[in-house]
Structures are given as structure tokens and as C-alpha cells.
Amino acid sequence: MEVSSQGRWPGVKVVSGQMCPSRLVLEHVTSRWGVLILAALLERSYRFSELRREVGGVSEKMLAQTLQTLERDGFVHRDAKPVIPPRVDYSLTGLGREAAEQVVALGRWTESRLDAVRAAREAYDEQKAHASRTP
């Protein structure tokens, strides 16, 4: 794994290499659907259709792809029961629980700082609008 401890935070390893394997894992965990799936599964296990309703807005195809990716990375456990009709439950592995706790913490921080982000956006837009009117 290629990491850098140089830069703003000496001693803190940060993914830097374009081909660093960590980047791909981060991409999976922090993807639009990855974050929401991990957060939902932190609460309990779900069947596919339940999880789709819980996450909301995700297509069957994207949910299936994301679950497969997270399963491959070791974050999600797929438990297929040999019954009719087929029953498949999804839950977090220990590794998945660790990742989910991190993304949920980031989500909580985001929610708590939303007003500051909105204010920053408004200030930025105002500054850009003013700059475009100034010759």
C-alpha cells in the first residue's frame, strides 16, 4: 500500500498513490450507496427488498452490485437459506461494522455542520456573483 505521511498532518497516513489499493476500498465504502447500505446494516440485518426500501432511491441493479462489492471486500455477509421461496439476508461482518461506524460518524458530523456548509455555499455563490458583475 502506498501511503504518505507528508503534508498537512505529519505522522498521519493518507492515501496518495493513484494505484493504491486503499483508494478502491475507500471508493466502495464511501460511494453513494455504500455509505447508506453500511449505515442501514449497522442497525440490523436485512433481506434484499427490505434493504432496498430502507435505503430508498436505489435501483435493484445498483443495490445488487453494491452489496456484491461490499461482500467481496469483506464488509457484508450474504446468508442464502435453501428454502422456497429463497431467502437471503445481508448483515455486516466485523470489518463491515468497523467501516459502518466510521461512515455513520461522518454522517452525524455532516448533519451537525449542515448549517455551516449552507452558509459557506451562500457566501461562495454571493462572492462569485459579485465577481462576475465587477468589470
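Values below: every heavy atom of this structure, side chains too, minus hydrogens, waters and symmetry copies.
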Query raised in the report: Do the non-hydrogen side-chain atoms of His77 and Leu92 ever get within less than 4.5 Å of each other?
Result: no
Query raised in the report: Is there side-chain contact between Arg44 and Glu54, with heavy atoms separated by less than 4.5 Å?
Result: no
Report task. Flag the pair Lys128 and Asp125 as a salt bridge only when some basic side-chain nitrogen lies within less than 4.0 angstrom of an acidic carboxylate oxygen. Result -> no
Query raised in the report: Among the clusters formed by ILVMFWY side chains lying less than 4.5 Å apart, do Leu38 and Leu95 turn up in the same one?
Result: yes
**Report entry** Side-chain touch Val76/Arg78, heavy atoms, less than 4.5 angstrom
**Finding:** no
Query raised in the report: Would a 4.5 Å heavy-atom cut-off, applied to side chains only, mark Arg32 and Thr66 as touching?
Result: no
Query raised in the report: With a 4.5 Å limit on heavy-atom distance, are the side chains of Leu41 and Tyr46 in contact?
Result: yes
Query raised in the report: Any side-chain heavy atom of Arg53 within less than 4.5 Å of one from Ser49?
Result: yes
Query raised in the report: For Glu101, does the CD atom have more than 12 heavy-atom neighbours from other residues, nucleotides or ligands under 6.0 Å away?
Result: yes
Query raised in the report: Is there side-chain contact between Leu36 and Val58, with heavy atoms separated by less than 4.5 Å?
Result: no
Query raised in the report: Heavy atoms, side chains only, cut-off 4.5 Å: are Glu60 and Phe48 in contact?
Result: yes
Query - For Leu67 against Leu51, the heavy-atom pair lying closest together - result: CD2-CD2, 3.8 Å
Query raised in the report: Has Arg113 got more than 12 heavy atoms of other residues, nucleotides or ligands less than 6.0 Å from its CZ?
Result: no
Query raised in the report: If you round to the nearest 0.5 Å, how far is CD1 of Ile37 from OH of Tyr90?
Result: 10.0 Å
Query raised in the report: Honestly curious: do Val88 and Leu63 fall in one hydrophobic cluster under the side-chain, below-4.5 Å linking rule?
Result: yes
Report summary line: Here the gap from Leu42 atom CG to Glu98 atom CD, rounded to the nearest 0.5 Å, amounts to 12.0 Å
Query raised in the report: Measuring from Ser91:OG to Arg97:CZ, what's the distance to the nearest 0.5 Å?
Result: 9.0 Å
Query raised in the report: In Å and rounded to the nearest 0.5 Å, what is the NE2 to CD distance from His28 to Gln68?
Result: 11.0 Å
